[in-house]
Amino acid sequence: MTTRAVDTAQELAVFLRSRRERLDPHDFGLPSRRQARRTPGLRREEVAELAGVSVDYVVRLEQGRGLRPSADVVDALARALRLAPEERAYLFNLAQQRPRNADKPAVAAAAPLARLVADLSPLPAMLMNHRYDILAWNGEMARLLLDFDTLPPARRNAMWLCLMHPEMREFYVDRERVVREGIAHLRAAWAAHPQDRALTDLINEFTARDEDFARLWAERDINVNGRGSKAMRHPDVGVITVEFEVLVPLQDPDQRLVIYRAADDESRSALDRLGAG
């Protein structure tokens with residue numbers, strides 16, 4: 001069997017029909033009317049009523065006539081068909097639409113990811129959302145950067161710390177590169193989350209208060225770097241160079257796992273001394 005290039009209209013049609021037919025009318029308080037129902041699941045008119053669209057529109061979608069439903073219609077269909085999160089994402093992809101509020105910003109670490117951050121010790125690790133809010137960290141990361149527990153939650157933001165915290169402004173050896181890479185990430189996140197008012201307010205604050213941020217933001221660089229290295233001036237052990245990796249969990253795509261590793265023997269020794277301390 002050979003899989004051809006996907007025909008999104010046809011796959012959308014088949015997917016909608018399959019999800020409609022698996023639903024039990026009893027779950028919606030509808031009479032089964034087994035004598036009258038020739039196929040399993042809900043009728044098209046019932047899905048149309050639940051989604052707030054016309055029956056003709058559902059018929060044309062299920063016939064693969066090349067319609068491209070709006071994000072609002074896709075969202076309504078996903079709710080009417082009671083799709084699981086991964087099914088909802090698949091439906092949006094087939095419709096070539098972006099969910100309006102699919103990825104609400106994570107404000108707390110997913111419990112399995114928080115445990116993973118702790119288990120990554122002795123490697124410094126932390127968990128952030130798309131705004132760079134720091135949601136979880138292990139002791140090694142706190143000893144390397146700063147004690148996040150001493151900060152109010154609103155200030156546990158990696159970009160805010162880099163730009164605004166007095167102890168962090170000269171922490172990075174190549175501060176401009178670190179800021180530039182952070183801005184590229186924030187700009188990409190800003191485009192992906194246009195309704196995130198908190199992110200917009202954060203960017204406005206940075207632009208108003210930091211000349212370097214304002215200058216680099218205006219360059220519109222969107223080259224997001226999920227792997228690289230950075231050198232840091234630690235007050236206790238001197239310069240430490242780390243390699244970093246940024247991973248995005250499939251189950252929690254708004255959270256980013258950041259892991260540091262020593263880039264050389266001197267840095268490894270320095271991290272060991274921090275850990276021992």
Side-chain angles (χ1 to χ4, degrees), residues 3-108 110-111 129-131 133 135 186-203 248-256:
T3 301
R4 298 170 295 175
V6 64
D7 181 332
T8 54
Q10 288 301 316
E11 177 59 20
L12 178 65
V14 174
F15 186 68
L16 287 174
R17 287 198 303 272
S18 71
R19 291 318 185 254
R20 173 174 62 81
E21 290 172 356
R22 75 178 183 178
L23 295 173
D24 187 338
H26 286 298
D27 293 339
F28 295 81
L30 299 170
S32 60
R33 288 184 277 182
R34 295 185 184 276
Q35 299 289 330
R37 291 184 185 271
R38 293 175 295 179
T39 58
L42 298 187
R43 293 188 175 90
R44 291 189 179 110
E45 56 265 32
E46 292 166 341
V47 171
E49 182 177 355
L50 290 168
V53 298
S54 70
V55 178
D56 180 64
Y57 194 79
V58 173
V59 170
R60 286 185 290 156
L61 280 175
E62 289 196 359
Q63 291 177 345
R65 295 194 198 174
L67 298 179
R68 187 182 175 189
S70 68
D72 287 336
V73 170
V74 176
D75 185 58
L77 288 168
R79 283 186 279 106
L81 296 170
R82 298 186 176 180
L83 299 185
E86 58 274 13
E87 294 174 321
R88 184 175 184 272
Y90 186 64
L91 185 64
F92 269 92
N93 286 336
L94 290 175
Q96 300 174 52
Q97 294 287 0
R98 183 195 298 275
R100 295 199 184 282
N101 58 354
D103 353 64
K104 293 183 179 177
V107 294
N129 62 14
H130 68 260
R131 298 175 189 152
D133 294 333
L135 308 178
L186 284 181
R187 183 169 280 283
W190 179 65
H193 303 269
Q195 306 302 319
D196 187 350
R197 187 69 238 176
L199 175 60
T200 300
D201 290 344
L202 198 62
I203 292 168
V248 179
L250 284 174
Q251 291 295 104
D252 299 281
D254 190 54
Q255 303 193 27
R256 285 130 179 83

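Predicted, not measured: the structure shown is a model, and the values here were computed from it. Heavy-atom basis, side chains included; hydrogens, waters and symmetry copies ignored.
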Any idea which heavy atoms bring [X] and [Y] closest together, and the distance?
X	Y	answer
H130	A189	O-CB, 3.6 Å
A95	V74	CB-CG2, 3.6 Å
I203	L186	CD1-O, 4.4 Å
A13	L61	CB-O, 3.2 Å
D75	F92	N-CZ, 3.8 Å

Tell me, do [X] and [Y] make a side-chain contact under 4.5 Å, heavy atoms counted?
X	Y	value
R82	D27	yes
E87	L81	no
L91	L16	yes

Enumerate, atom names and distances included, each donor-acceptor pair closer than 3.5 Å involving a side-chain atom of residues 50-57, sequence neighbours excluded.
residue : atom : partner : partner atom : Å
S54     : OG   : Y57     : N            : 3.0
D56     : OD2  : R60     : NE           : 3.0

Residues, nucleotides or ligands: over 12 heavy atoms within 6.0 Å of E86 CD
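It does: E86 CD has more than 12 such atoms within range.
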
How many angstroms lie between OG1 in T8 and CD in Q96, if you round to the nearest 0.5 Å?
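One finds 4.5 Å between OG1 of T8 and CD of Q96.
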
Measure the spacing between CG of D196 and CG of D201 and express it to the nearest 0.5 Å.
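If I round to the nearest 0.5 Å, the distance is 9.0 Å.
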
Once the angle between the rings of F15 and Y90 is folded into 0 to 90°, is it parallel (under 30°), tilted (30 to 60°) or perpendicular (over 60°)?
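Perpendicular: the ring planes of F15 and Y90 meet at over 60°.
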
State which residues pass salt bridge (Lys or Arg N to Asp or Glu O under 4.0 Å) with R20; sequence neighbours excluded, sorted by chain then number.
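Testing R20 for salt bridge (Lys or Arg N to Asp or Glu O under 4.0 Å), a comparison that skips the adjacent residues, returns E62.
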
Can you sort out the partners of R68 under side chain to side chain donor-acceptor pair (under 3.5 Å), two or more places apart, ordered by chain and number?
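If we apply the side chain to side chain donor-acceptor pair (under 3.5 Å) test to R68, skipping adjacent residues, there are no hits.
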
